[in-house]
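This structure is a prediction, so every number in the text was calculated from the model and none was measured. Atoms within a ligand are numbered from 1 in the order they appear, just like the ligands themselves.
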Amino acid sequence: MLAGRRIVLGVSGGVAAYKAAYLARRLVEAGAVVRAVMTQSAGQFLGAQTLAAITGEHPVEDFWDEVEVSPHTDLGQWADAMVIAPATAATIAKLATGLSDNVLIATALATEAPLVVAPAMHTEMWENAATQRNVETLLADGVMIVGPLSGALAGGDTGPGRMVEPEAIVAALEEALAGAPARARVLDLAGYKVLVTAGGTREPIDPVRFIGNRSSGKMGNAIAAEAASRGAQVTLITAAAPPSGSAVDVVSVETAQQMADATWSRVADVDVAILAAAVADFRPTGVGDSKLRRGDGLPVIDIEPTPDILAGIAAMENRPYLVGFAAETGSLEGARRKATEKGVDLLVGNDVSRAGSGFATDTNEVTIYTSSGESDSWPLLSKPEVARRLWDRILEDRTPG
Ligand code: CTP
């Protein structure tokens with residue numbers, strides 16, 4: 001979604017300015033064209049040269065030392081979206097009142113593109129009635145606010161006011177570019193490390209043929225994207241096309257064995273693992289280098305079991321919170337049985353033979369089972385909505401009371 005999009009990155013003067021360099025890099029990696037604009041005090045925290053090296057163009061720092069006559073209107077008109085990260089209390093106040101006494105604010109006023117603001121300041125300043133009032137004004141003006149988080153602040157203090165990580169800002173930008181209405185983004189998965197598997201594996205029969213299944217990866221993609229947009233650090237291990245967004249680390253695999261290796265080597269490090277992939281249970285043995293020929297007669301294909309990825313995680317001593325999926329046809333009794341027998345915390349069952357549910361559709365009708373066999377049936381929903389509810393449910397489960 002960011003590929004080819006023109007993003008103006010505004011940096012104001014807070015310690016979190018160092019993270020703006022990383023944000024710029026994430027945006028460039030996602031294919032965006034990035035131009036930066038900095039306030040004078042941002043220069044105390046981040047070198048203009050650093051941003052120039054990452055974006056390929058020197059940031060705009062002042063109205064006066066530019067070749068262009070009107071750098072702020074040029075930038076504002078050029079932008080497909082603008083993000084201000086970090087946004088200090090002063091920057092937020094100036095934005096809320098339209099006080100364009102520096103080139104960053106002037107650019108923000110001069111653009112008609114969507115604006116995302118990532119506040120960063122000390123807790124007292126964030127909680128100050130004036131700042132809160134200004135944030136409300138910005139939201140009412142259609143500005144997307146992302147964060148802040150609670151965490152370590154400058155000078156050794158901790159509390160609300162810490163700027164969100166660049167991945168969450170990228171997700172907010174994608175939402176803003178997609179035309180979503182402005183909102184204060186809830187980052188209730190901030191600090192979470194999450195692993196999601198998706199797609200259907202392909203098990204080679206010979207160099208050109210494989211045994212596969214109809215999984216599109218859409219459900220797993222929606223789960224990964226939702227987690228990233230709520231502030232989690234997400235690894236998506238997929239045998240299908242990943243989501244177009246860039247806020248997720250993607251590991252592409254093809255076979256069950258590759259998915260198992262990629263998953264098991266990363267899973268010890270995560271808080272939640274959601275295995276939405278449709279993994280082949282069997283694979284052909286003795287796959288050769290050359291194509292099977294029709295003229296050689298009917299081949300006999302021997303098969304062997306693939307590794308059970310979920311079972312490997314369930315058996316770990318300190319396993320993460322574990323969610324399995326079960327694609328069933330007809331009765332969901334198999335899903336209930338898997339929920340109680342497979343050592344998961346939750347199991348998402350769906351009947352893939354129903355219209356609008358399961359593989360390759362944009363909707364899904366699922367029933368959630370707990371390890372004690374209790375169930376909760378959800379109506380037919382879009383896959384992103386299923387993902388949203390699933391994360392709400394996981395958070396409820398992980399924070400008792
Ligand atoms: N799974 C896995 N590794 C496999 C097969 C499945 O990790 N080799 C995971 C899937 O990602 C899913 C869950 O296990 O989260 C259940 O998959 P499913 O194929 O329904 O389970 P099976 O035990 O293979 O059940 P069935 O009897 O229906 O074949």
Spacing of CD1 belonging to Ile84 relative to CD1 belonging to Ile92, to within rounding of 0.5 Å: 8.5 Å
Nitrogen or oxygen atoms of Phe325 and ligand 1 under 3.5 Å apart: yes
Identity of the nearest option to atom 29 (O) of ligand 1, non-hydrogen atoms only, from Thr201, Leu275, Asn213, Asp281: Asp281
Closest contact, heavy atoms only, Met121 versus Ala87: CE-O, 3.9 Å
Any Pro307 heavy atom less than 4.0 Å from ligand 1: yes
Residue selection (non-hydrogen contact nearest atom 27 (O) of ligand 1) among Lys338, Gln257, Arg283: Lys338
Distance (rounded to the nearest 0.5 Å) between Thr39 OG1 and Phe45 CZ: 9.0 Å
Nearest-neighbour protein heavy atom for atom 6 (C) of ligand 1, which is reported as residue plus atom name and distance: Val279 CB, 3.9 Å
Lys/Arg-Asp/Glu bridge criterion (N-O < 4.0 Å) met for Arg388, Glu385: yes
Identity and distance of the protein heavy atom lying nearest atom 23 (O) of ligand 1: Lys342 NZ, 2.7 Å
For atom 3 (N) of ligand 1, the option (of Leu322, Ile309, Thr263) bearing the nearest heavy atom: Ile309
Least distance between heavy atoms, Leu51 atom then Ala36 atom: CD1-CB, 3.8 Å
Short N or O distance, Leu310 and ligand 1, threshold 3.5 Å exclusive: yes
Contact check: Ala277 vs ligand 1, nitrogen or oxygen atoms, below 3.5 angstrom: yes
Contact atoms of ligand 1, heavy-atom distance to Thr306 under 4.0 Å: 8 (N)
From OH (Tyr192) to CG (Asp271), nearest 0.5 Å: 7.0 Å
Lys/Arg-Asp/Glu bridge criterion (N-O < 4.0 Å) met for Glu333, Arg337: no
Sidechain N-carboxylate O distance under 4.0 Å for Asp392, Arg230: yes
Residue Gly324 vicinity, atoms of ligand 1 by number, heavy atom under 4.0 Å: 15 (O)
Proximal ligand 1 atoms for Asp308, defined as those under 4.0 Å from one of its heavy atoms: 2 (C), 3 (N), 4 (C), 7 (O), 8 (N)
